[in-house]
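Residue numbers begin at 1 in each chain, while the letters A, B, ... track the order of the sequences. In this text, all values refer to a predicted model and were calculated from it rather than measured experimentally.
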Amino acid sequence: MLRLYNFHKEAFMNSEKKTEVKEGFIELRHTSSHILAQAVKRLYPDAKLGIGPAIEDGFYYDFYVDKPFTPDDLVRIEEEMKKIVDADYKLERFTLQKEDAIKFLEELDEPFKIELAREIDGEISFYRQGEFVDMCAGPHIESTGGVKYFKLLSTSGAYWRGDEHNPMMQRIYGTSFYTKEELDNYLSFLEEAKKRDHRILGRELDLYSTHEEVGPGLIMWHPNGAIIRNTIEDLWRKEHLKHGYKLVYTPHIASEKIYQISGHLENYAESMYAPIQIDTARYRLKPMNCPGHILIYKTKQRSYRDLPIRYAELGTVYRYERIGTLHGMLRVRGFTQDDAHIFCREDQLLDEIRGVIRFMDFFMKTFRYEYKPYLSTRPEKYIGTDEIWDMATKALKEALRLEGMDYELDEGGGVFYGPKIDIKLIDALGREWQGPTIQVDFNLPERFDVNYTGSDGKEHRVVMIHRTVLGSMERFVGGLIEHYAGKFPLWLAPIQVVVIPISDRHNERAIEVKDRLFENNIRVELDDRNEKVNYKVREAIVKKVPYIIVIGDREVEDNTLSVRTISKDLGSFSLESFIDRVKEEIEKKL
RNA sequence: GCCCACAUAGCUCAGUAGGUAGAGCGUAUCCUUGGUAAGGAUAAGGUCACCGGUUCGAUCCCGGUUGUGGGCUCCA
C-alpha cells in the first residue's frame, strides 16, 4: 500500500496507538471476516464463498449470491455476527493434502474455493469455528470472542478475482478494532473525512461545479477556484522559465494524422473521443500534449549543443473515462496537465531526471506535502531493446539515489514505452490518485523520428522525458482542498482578508482600508452588510478567510485595525504593519 | 462499463395508505447601528431530475434515461 502524502488520516490513526502492535490487526480482521462469512452462511446457506482478507482499515468478504445484500441485510448479518462473537468459538487450524482438500470443498460445494485450491501446491490449511469451516492461510486470533468491536460498513459488487469477465460477487466491507475507543475513533474519522471531501468543500467554498447540461467529468471553475488555480499556474510558469523550460501552446484539436504517427489511434483509441469531420479531414480532441511538442521540436535541425530542450505547457486534454470511474475533480474527462517534454541526449538523461525530481520536490514542499516516489519498471508488454530499458531504469534509480529519495519499487508497473517514477496523491479517505509522474519514452522519438546532430556530424535519436510536477490542475487542486481541509494558506486563499465595519459610521474607514489592501495586491473583501459583527465574523470563519479585520469606534479613533485569524485574536495593528505582514506571508507562502 | 443505492427550494433535509408539498439555513425588503462563531419581522422561491406506463388522478407505484454516491474493473 502506498502512502505518500502526509496525511490527516495517518496523523489521526497513529495518534492513539503509536506503540501498539499494528500487525495484530491482521489476525483480528481476518477472523472478523470469517465471522462475517459464518453469519452470511447461516442466513443465506446458498451463498458461495469468495475471498475474505484483512485490509488496511478493516476487512471484507466476497460472496456469490442470487440477490445482492440490502442495508437491512447488513443489519441482520451484523446481529448474527454478534451471536458468533458471544459464542466464542475457538479457531481450529487443520491441514489436508491438496486432493483431500478439493474433495472436502466439493462436499461443501464451494466452487470458488475449489478454483483457488487447485492453484495451491502441497498442504492446504483450513480454519474451523463452530459449524463453519473456511479454506484459509491464516493467521487468526484464538477465538471469535476476541472480535468485540466491529461494524459492517458497506456493500458493493466486485468481480471474481478482479477480472471483469468473471462473475460479479457481492462484497461486504467492515472494520474491527481491539477497543471500543479505536472503533469510535475510526468511525468519527470517517465522519470528519466527509467534511473535508473536496466535493463538499468545493460547493461550500464556491470553488467549482459540474453540470448535467455540460456533461459528467467536466469541471466549471468558479471565481474562488479559478483564483487558486491561477495562483498556482502563475508560480508554475515563473518557476519553469527559471528552470530552463520554454513555454509553448498547442491546439485542443488536431488532425488524426498526428495520432496515427504517434500510435495513439492504434493503442489508445478507446480513450479518445470520436472524430470530428472538418472539410476533408478527421480531427480529434487532444488526449496528450506530447505529439504537439515533438512537432515544434522537429521544425528545425537540432544540434547536440541545443540539448536539452524543455517544452512546457499547461495543456488541456480530453480523455474518455468510463462513467463509473469519474470522481469530483479527481477523475475527470477534461483536464489540464502541467505537462513538459524534455528532449535530451542519452548522456544528459541522468541530470535531467535529477533536475525534474528536484523541481517536483520544490512544488511538493511548497504545498507542504510529504510524499514518496514509486519506480515502475518494465512491464510484460513493451517496446524497445533491453539495453535501452536497462539504461533508462538505471538512470531513474540513480537519480532517485543521488537525490536521496526513498522509493518503492513497482516491478513491471511501467508503461509499454518506458519506465517511470510516480507520485500518488491521497484523498481524505486515503484513496490514491496518480499525481506527478516522470516517464522516459522510447516510443515517440522512434515514431516521429526525433533526432539531433551529434558532434560526429551524424544523426542521433533523442531521449524524451514526459513529466508533470503536479499532475493535472483539476486533480491537484481537488487534492489540495482535501489536504488543507479547505483552509488554504494565505497565498492561495481565494479571499485573504475580510474587512468588517461594526456600524455604518465605520464604513468610510473600512473602505479606505479595503482600498489600501487592494492596491497592495491583497485579495480583500468588505463586508458592509447590515448585520452584527458576530454574524459577519462567523461567516468569514466559515468561509475560512485567513484574516478578519474589525473596525469600530476604537479603531477609527486610534487609526488601527483589530485583526484576528480563524482561531485567534491577534490584537491591534497599524494599517502599514498589517500590510507588511500579509505581504510577507504571501511572499513566503505560509 | 459492472453491482448496489440515491435524486423534493440555492444548500441540508422532512413529507404524502396515490388527491400537485414543508422546515432550517441562504436570498430580498423592513426594523435594529450591534465589539469578534448565527438580533427580529415579513416576503419571494418547487413541472418533487427527465421521458413513458398504470390510474379518475402520480412527487409517491412500474419501466426507461440522465446525473450522483460507495465499490469493482480501467486509468497512455
Nearest to the side chain of [X], heavy atoms from C-beta on, is which of [options]?
X	options	answer
A:M288	B:U68, B:A38, B:A76	B:A76
A:Y173	B:U33, B:C3, B:G71	B:G71
A:V537	B:U36, B:U68, B:A76	B:U36
A:R322	B:G34, B:G1, B:A76	B:G1
A:Y159	B:A76, B:U33, B:U73	B:U73
A:S503	B:C2, B:U73, B:U33	B:U33
A:R431	B:G70, B:G26, B:U73	B:G70
A:H264	B:U73, B:U33, B:A76	B:A76
A:I502	B:G35, B:A76, B:C72	B:G35
A:V550	B:U36, B:U33, B:G71	B:U36

Is there a donor-acceptor pair closer than 3.5 Å between any side-chain N or O of [X] and the backbone N or O of [Y]?
X	Y	value
A:D339	A:H466	no
A:Q496	A:L490	yes
A:H293	A:C290	no
A:S472	A:Q337	no
A:R475	A:Q434	yes
A:R282	A:I276	no

Going by purine N1 to pyrimidine N3 plus the second Watson-Crick contact, or the G-U wobble pair, all under 3.5 Å, which nucleotide sits opposite [N]?
N	result
B:G18	none
B:G34	none
B:C61	B:G53
B:A28	B:U42
B:C2	B:G71
B:A9	none

The residue, A:H211 or A:T70, whose nearest nucleotide of RNA chain B is more 5′ is A:T70
Which residue lies toward the 5' end of RNA chain B, A:Q170 or A:G162, if each is placed at its nearest nucleotide? A:Q170
According to a strict under-4.0 Å criterion, is [X] in side-chain N/O contact with OP1 or OP2 of [N]?
X	N	answer
A:R319	B:C74	no
A:H506	B:G34	no
A:Y382	B:A76	no
A:Y320	B:A76	no
A:R554	B:G35	no
A:R161	B:U73	no
A:R333	B:C75	no

Gap in Å between the two [atom1] atoms, one belonging to [N] and one to [M], rounded:
N	M	atom1	answer
B:C60	B:G22	C1'	16 Å
B:C62	B:U54	C1'	7 Å
B:C2	B:U59	P	29 Å
B:G67	B:A44	P	36 Å
B:U66	B:C50	P	16 Å
B:A37	B:A41	C1'	24 Å
B:C75	B:U12	C1'	34 Å
B:U8	B:U20	C1'	13 Å

Tightest non-hydrogen contact, residues A:L74 and A:L152, listed as O-CD1, 3.7 Å
Return the minimal non-hydrogen interatomic distance between A:K536 and A:P501, and the atom names on each side. NZ-O, 3.4 Å
Mind checking [X] for me? I need base, sugar-phosphate or nothing, with any heavy atom below 4.0 Å counting as a touch.
X	value
A:F416	nothing
A:Y268	base
A:N267	nothing
A:N534	sugar-phosphate
A:Y60	nothing
A:Q434	nothing
A:R475	nothing
A:E555	base
A:V533	sugar-phosphate

Does any donor-acceptor pair link the side chain of A:R199 with the base of B:U68 at a separation under 3.5 Å? no
Using only modelled atom types and a 3.5 angstrom limit, is any donor from either the side chain of A:S562 or the base of B:U36 paired with an acceptor on the other? yes
Quick check with a 6.0 Å cut-off and a 45 degree axis cone: is A:R29 positioned over the face of A:F177's six-membered ring? yes
Does NZ or CZ of A:R378 come closer than 6.0 Å to the centre of the six-membered ring of A:Y382, within 45° of the ring's axis? yes
Within this structure, what is the [atom1]-to-[atom2] distance between [X] and [N], rounded to whole angstrom?
X	N	atom1	atom2	value
A:D197	B:U12	CG	P	12 Å
A:R331	B:G1	CZ	C1'	12 Å
A:L152	B:A5	CG	P	18 Å
A:E321	B:G1	CD	P	12 Å
A:L190	B:G69	CG	P	17 Å
A:K543	B:A37	NZ	P	17 Å
A:R171	B:C72	CZ	C1'	7 Å
A:D528	B:U33	CG	P	17 Å

